[in-house]
Amino acid sequence: MKYQLFISDFDGTLVRADGTVSEKVKRAIARYTAAGGIFTVCTGRMLSSILPRMKELGITTGYLAAYQGAVIAETATGNIVKFEGFGQADALRVVQMLEAEDRHIHVYTEEGLFCNRRDEWLGVYEKICGVKGEVPEERLSDWLMKKPRRVVKVLTVEPPDTCDAVQTRFARRLGEKYFVTRSSDWLVEFLPAGQNKGAAVEFLKEKFGVPYERTAAIGDMLNDIALLEHAGGKFAVANAAEELKKTATVVASCEEDGVAEAIEIALRGE
C-alpha cells in the first residue's frame with residue numbers, strides 16, 4: 001500500500017447531493033482500513049455535525065478535523081486535542097464588517113452555532129449539516145462583546161454567482177491576519193491565518209506517525225487546496241473546482257463514487 005493515511009473532505013467529495021454516502025464508498029473505506037490503512041475526514045463542518053457521520057463510515061478510532069481544520073478531535077469520544085480559533089477582537093472585526101453590509105452571518109464557538117437571523121439560508125444549512133443555530137436577541141457583535149468567547153470561525157452565505165467576488169473583496173480588506181476561503185458555491189468562510197486544512201494535515205500526520213509521501217488527500221473546493229498541498233497523493237473529484245483539479249489526479253465525481261476510485265488507486269499502490 002503506497003498511502004498509509006487517506007484524508008478526505010466531506011461535502012461534495014464523500015457525501016452526495018442527497019446527503020448520503022454510497023455503499024460503494026463505504027465498502028472501499030472498509031477494504032482500505034482492513035488492509036491497514038488509516039482513513040479520516042477533514043471538513044469545514046462543526047464537530048457535532050461530522051462525528052455521527054464518521055460512525056456511518058465505519059470509522060470509530062483515531063482523529064478527525066473539523067471547522068476547516070481549526071479543531072482536531074478524537075473520533076471515538078469527540079474530545080478535542082487541538083483548538084485554534086480567533087482572538088476576540090479579530091472575530092469581532094469580521095462580524096462587524098459583515099453586519100455593515102447586512103449579510104447572513106454564522107459564528108461558531110465552542111458552545112455551538114450562533115446566527116444573526118433565522119431565514120431560508122439558515123434552514124437549508126441546518127438541514128444539510130444536521131445542526132441547530134441559535135439567534136441571539138441582540139446584534140451578533142453586541143453579543144460577542146458581552147463576554148469572552150472562543151470563536152472558531154465565521155462564515156457568510158452568498159449566492160453562487162457573487163461568492164467568488166465576495167471572497168476576494170473581504171480577503172483584500174481583512175489582510176494577512178485572516179484566511180478567507182470558500183467551502184462551497186455559496187459559503188465564504190473566515191478563519192485566523194494559518195488555520196486551514198493544510199495545518200490540520202500536518203497535525204494528523206504527526207498524530208498518526210505517517211510521513212508526507214505516504215499520505216493521500218482528496219477534495220473538491222478551494223478550501224481543499226491546502227489539504228492536497230500537504231499530502232503526497234493528491235486527488236480531486238471530477239466535480240471539483242478547476243484550480244484544484246490542476247494539481248491533482250482527477251477521479252470520478254462525488255455522485256459517481258470518486259472517493260472509492262481514489263481508494264482503489266491507493267490500494268493498488270499507483
Side-chain angles (χ1 to χ4, degrees), residues 9-11 40-55 59-60 62-99 103-118 121-122 125-157 174 177-181 183 187-204 206-207 223 226-227:
D9 170 53
F10 194 68
D11 293 285
T40 192
V41 166
C42 183
T43 177
R45 288 197 182 205
M46 299 169 63
L47 192 56
S48 59
S49 175
I50 193 60
L51 279 171
R53 304 305 300 265
M54 295 296 286
K55 293 179 181 178
I59 309 299
T60 58
Y63 305 89
L64 64 93
Y67 297 103
Q68 301 297 351
V71 171
I72 310 287
E74 296 174 345
T75 304
T77 64
N79 290 338
I80 294 172
V81 296
K82 175 197 172 192
F83 186 106
E84 297 288 347
F86 280 112
Q88 185 89 344
D90 292 335
L92 187 61
R93 183 183 177 204
V94 176
V95 171
Q96 288 175 330
M97 288 177 67
L98 295 172
E99 283 179 340
R103 295 188 175 277
H104 179 108
I105 308 166
H106 289 188
V107 174
Y108 299 81
T109 78
E110 58 187 336
E111 302 166 290
L113 167 61
F114 298 88
C115 311
N116 63 328
R117 54 182 174 247
R118 179 159 293 283
W121 286 117
L122 178 55
Y125 184 89
E126 289 175 328
K127 183 177 180 180
I128 291 172
C129 295
V131 297
K132 193 73 174 176
E134 182 177 337
V135 181
E137 293 183 359
E138 65 266 65
R139 286 166 62 91
L140 275 180
S141 54
D142 295 333
W143 173 82
L144 269 176
M145 288 189 286
K146 274 188 172 180
K147 69 174 186 179
R149 286 182 167 89
R150 297 176 75 189
V151 177
V152 191
K153 71 172 185 177
V154 178
L155 71 74
T156 186
V157 181
L174 286 165
K177 285 183 66 177
Y178 296 82
F179 172 54
V180 184
T181 190
S183 56
L187 297 178
V188 179
E189 305 206 11
F190 305 81
L191 293 100
Q195 293 310 313
N196 55 40
K197 291 189 176 185
V201 174
E202 291 302 312
F203 191 94
L204 290 168
E206 182 176 350
K207 276 289 184 183
N223 61 320
L227 175 68

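The residues of the chain are indexed from 1 along the displayed sequence. These numbers come from a predicted model, not from an experiment.
- Contact between Ala200 and Ala65 at its shortest, heavy atoms only, is CB-CB, 3.9 Å.
- Residues Gln195 and Phe179 are not in side-chain contact: their nearest non-hydrogen atoms beyond the backbone lie 4.5 Å or more apart.
- Classified by interplanar angle (parallel below 30°, tilted 30° to 60°, perpendicular above 60°), the ring pair Phe114/Trp143 is tilted.
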Should Asn223 and Gln68 be marked as a side-chain hydrogen bond (donor to acceptor under 3.5 Å, both in side chains) after you check the CA-CA gap, both sets of side-chain angles, and the distance that decides it?
-> CA-CA 8 Å; Asn223 61 320; Gln68 301 297 351; 2.8 Å; yes
Carefully, step by step, assess Leu155 and Val157 under the rule side-chain contact (heavy atoms from CB on, under 4.5 Å).
-> CA-CA 7 Å; Leu155 71 74; Val157 181; 4.1 Å; yes
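- The distance from atom CD1 of Ile105 to atom CG of Leu98, rounded to the nearest 0.5 Å, is 5.0 Å.
- Within the 3.5 Å criterion, the main-chain N or O of Glu111 finds no donor-acceptor partner in the side chain of Arg149.
- Annotation: the span from Leu187 atom CG to His106 atom NE2 amounts to 8.0 Å, rounded to 0.5 Å.
- Distance check, rounded to the nearest 0.5 Å: CG of Leu191 to OG1 of Thr181 gives 8.5 Å.
- Remark: the backbone N or O of Val152 is not paired with any side-chain donor or acceptor of Glu110 at under 3.5 angstrom.
- The OG1 atom of Thr75 lies 7.0 Å from the CG atom of Leu51; values are rounded to the nearest 0.5 Å.
- Aromatic ring pairs are classed by plane angle as parallel below 30°, tilted from 30° to 60° and perpendicular above 60°; the pair Phe86 and Tyr178 is tilted.
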Please assess Tyr63 against Thr40 for the test side-chain contact (heavy atoms from CB on, under 4.5 Å), listing each intermediate value before the final yes or no.
-> CA-CA 7 Å; Tyr63 305 89; Thr40 192; 5.7 Å; no
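- Side-chain atoms of Lys153 never come within 3.5 Å of backbone atoms of Ala70 as a donor-acceptor pair (strictly under, hydrogens ignored).
- Here the closest heavy-atom approach between residue Ser183 and residue Glu189 is recorded as OG-OE2, 2.6 Å.
- Taken from CD in Glu126 to OG in Ser49, the straight-line distance is 11.5 Å, to the nearest 0.5 Å.
- The pair Glu74-Lys207 fails the salt-bridge criterion, with no side-chain N (NZ, NE, NH1 or NH2) lying under 4.0 Å from an Asp/Glu carboxylate O.
- Considering all non-hydrogen atoms of both residues, Asn196 and Gly198 come closest at OD1-N, 2.9 Å.
- Of all heavy-atom pairs between Gly133 and Cys115, the closest is CA-SG, 4.3 Å.
- The main-chain N or O of Leu140 is never found under 3.5 Å from a side-chain atom of Asn116 such that the two would form a donor-acceptor pair.
- Proximity of a side-chain donor or acceptor of Thr43 to a complementary backbone N or O of Asp9 within less than 3.5 Å is not detected.
- Remark: the backbone N or O of Gln96 is not paired with any side-chain donor or acceptor of Ser141 at under 3.5 angstrom.
- At least one donor-acceptor pair closer than 3.5 Å links the side chain of Gln88 to the backbone N or O of Leu144.
- Counting all heavy atoms, side chain and backbone alike, Arg103 lies closest to Arg117 at C-NH2, 3.3 Å.
- The backbone N or O of Arg93 sits nowhere less than 3.5 Å from a side-chain atom of Asp90 that would complete a donor-acceptor pair.
- The main-chain N or O of Asp11 is never found under 3.5 Å from a side-chain atom of Arg45 such that the two would form a donor-acceptor pair.
- Rounded to the nearest 0.5 angstrom, Leu227 CG and Leu204 CG are separated by 9.5 Å.
- A side-chain donor-acceptor contact under 3.5 Å links Lys197 to the backbone of Cys42.
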